[in-house]
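Reviewing the structure listed below.
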Amino acid sequence: MNVGKRILILLLALLLAAPGSYAEVVLEVGSSGENVRKVQQRLIQYDYLSGEADGKYGEQTRDAVILFQRRNGLTVDGRVGPATAAALGVTLSSSGSSSSSSSATIISADHRLLSKLVYAEARGESYKGQVAVAAVVLNRVESSSFPNTISGVIYQSGAFSCVSNGSINNTPDSTAIRAALDALNGWDPTGGCLYYYNPNGTDDAWIRTRTVKTVIGNHYFAV
């Protein structure tokens with residue numbers, strides 16, 4: 001994590017951990033539910049935790065929290081209370097065991113379309129893999145080589161098989177919705193990639209000429 005981000009999360013910790021900012025929710029080994037999933041998601045995003053956000057606070061999650069706390073000047077106890085949650089950028093809710101979450105709410109037409117793309121193209125992948133697919137779309141939007149809108153990128157002729165086969169019209173699940181939102185909020189597990197493909201699912205010779213930067217699940221991500 002760069003110095004600027006570290007300073008930012010420490011400032012957030014100081015501002016958001018003030019009395020009254022959070023309900024006194026504390027997560028520790030044995031906790032489970034949506035609060036834990038949100039914490040794990042951030043730990044994965046910041047490369048403190050590997051695997052998927054399963055909503056179960058076990059020893060691996062505790063160890064990742066300890067490392068995060070140590071590196072960011074927080075009390076090192078392996079538990080997530082208001083200060084650690086604020087530093088991670090998550091809000092702990094007293095109803096955190098509920099399956100519903102504001103992060104699974106569609107916030108715009110672009111978000112809806114991107115969620116559909118993620119669901120159609122990557123619903124069998126890990127959460128990180130689903131965010132990565134969404135990030136490729138957004139990287140194309142920023143590239144001068146592609147259309148400059150999400151809809152333009154997704155509906156560009158021949159760009160995505162889910163458009164030609166109609167699966168883009170399926171209703172996305174909550175995981176795809178959250179993954180799309182995380183990408184929109186700046187998480188790019190691909191490091192700027194413009195392409196992805198499943199080597200076992202395509203016979204396109206051209207895509208295999210692209211330089212692969214990372215592999216996430218079944219997808220190769222390339223530039």
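Owing to the predicted nature of the structure, the values given are computational and were not obtained by experimental measurement.
Listed here is the closest heavy atom pair of Ala135 and Ala183: N-CB, 3.9 Å. Closest approach of Ile66 and Asp77 over heavy atoms only: CG1-C, 4.5 Å. Closest heavy-atom contact between Leu138 and Ile150: CD2-CD1, 3.7 Å. Taking each heavy atom of Phe160 and Arg140 in turn, the nearest pair found is CZ-NH1, 3.8 Å. Residues Arg79 and Tyr57 approach most closely at CA-OH, 3.8 Å, considering heavy atoms. Shown here for Gly58 and Val29, the closest heavy-atom pair between the two residues is O-CG2, 4.0 Å.
Annotation: side chain of Leu49 is not in contact with side chain of Phe68 (no heavy-atom distance under 4.5 Å). Annotation: side chain of Arg208 is in contact with side chain of Thr202 (closest heavy-atom distance under 4.5 Å). For the pair Arg210 and Ile207, the minimum side-chain heavy-atom distance is below 4.5 Å. Contact of the Leu27 side chain with the Leu92 side chain is registered, since non-hydrogen atoms from C-beta on lie closer than 4.5 Å. In this structure, Pro172 and Arg112 have side chains that are not in contact, with every pair of non-hydrogen atoms separated by 4.5 Å or more. The closest side-chain heavy-atom distance from Ser115 to Ile106 is below 4.5 Å. At a threshold of 4.5 Å between non-hydrogen side-chain atoms, the residues Ser93 and Val25 do not count as touching. A 4.5 Å side-chain heavy-atom check between Leu43 and Val39 finds at least one atom pair inside the cut-off.
Taking the side-chain hydrogen bond (donor to acceptor under 3.5 Å, both in side chains) definition, one finds that Asp54 meets it with Gln40, sequence neighbours left out. For Ser108, the side-chain contact (heavy atoms from CB on, under 4.5 Å) test picks out Asp110, His111, with sequence neighbours left out.
At least one donor-acceptor pair under 3.5 Å links the side chain of Lys38 to the backbone N or O of Thr91. Without hydrogens or angle criteria, Asn148 side chain to Glu142 main chain gives no donor-acceptor distance under 3.5 Å. Put simply, the side chain of Tyr127 never gets that close to the backbone of Thr175: no donor and acceptor are under 3.5 Å apart. Judged purely by atom type and a 3.5 angstrom limit, Glu34 has no side-chain atom pairing as donor or acceptor with the backbone of Gly55. The closest donor-acceptor contact from the side chain of Thr84 to the backbone of Gly81 lies at 3.5 Å or more, if one exists at all.
No path of Ile, Leu, Val, Met, Phe, Trp and Tyr side chains, each step under 4.5 Å between heavy atoms, connects Ile107 with Leu117, placing them in separate hydrophobic clusters. Hydrophobic clustering, with ILVMFWY side chains joined whenever heavy atoms are under 4.5 angstrom apart, keeps Val118 apart from Val153.
For the atom pair SG (Cys162) and CD1 (Ile168), the distance works out to 4.0 Å, reported to the nearest 0.5 Å. Note that CZ of Arg42 is 8.5 Å distant from CG of Leu88, once rounded to the nearest 0.5 Å. The structure places OG of Ser151 at 11.5 Å from CD of Gln156, a figure rounded to the nearest 0.5 Å. A distance of 9.5 Å separates CZ of Arg37 from CD1 of Ile44, quoted to the nearest 0.5 Å. The line from OG of Ser164 to OH of Tyr155 is 12.0 Å long, rounded to the nearest 0.5 Å. To the nearest 0.5 Å, atom CG of residue Asp173 and atom CZ of residue Arg123 are 8.5 Å apart.
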- prompt: Taking it one step at a time, do Trp206 and Tyr195 satisfy ring pair (Phe, Tyr, Trp, His ring centres under 6.0 Å)?
  reply: CA-CA 11 Å; Trp206 179 85; Tyr195 308 95; 5.4 Å; yes
- request: Decide side chain to side chain donor-acceptor pair (under 3.5 Å) for Tyr196 and Glu121; before the verdict, give the C-alpha distance in whole Å, the side-chain angles of both, and the deciding distance to 0.1 Å.
  value: CA-CA 10 Å; Tyr196 67 85; Glu121 293 277 307; 2.6 Å; yes
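For Trp187 and Tyr46, the distance between ring centers is not under 6.0 angstrom.
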Less than 3.5 Å apart, which donor and acceptor atoms pair up between the side chains of residues 211-223 and the rest of the protein, not counting sequence neighbours?
residue : atom : partner : partner atom : Å
Lys213  : NZ   : Gly191  : O            : 2.8
Asn218  : ND2  : Glu125  : OE2          : 3.1

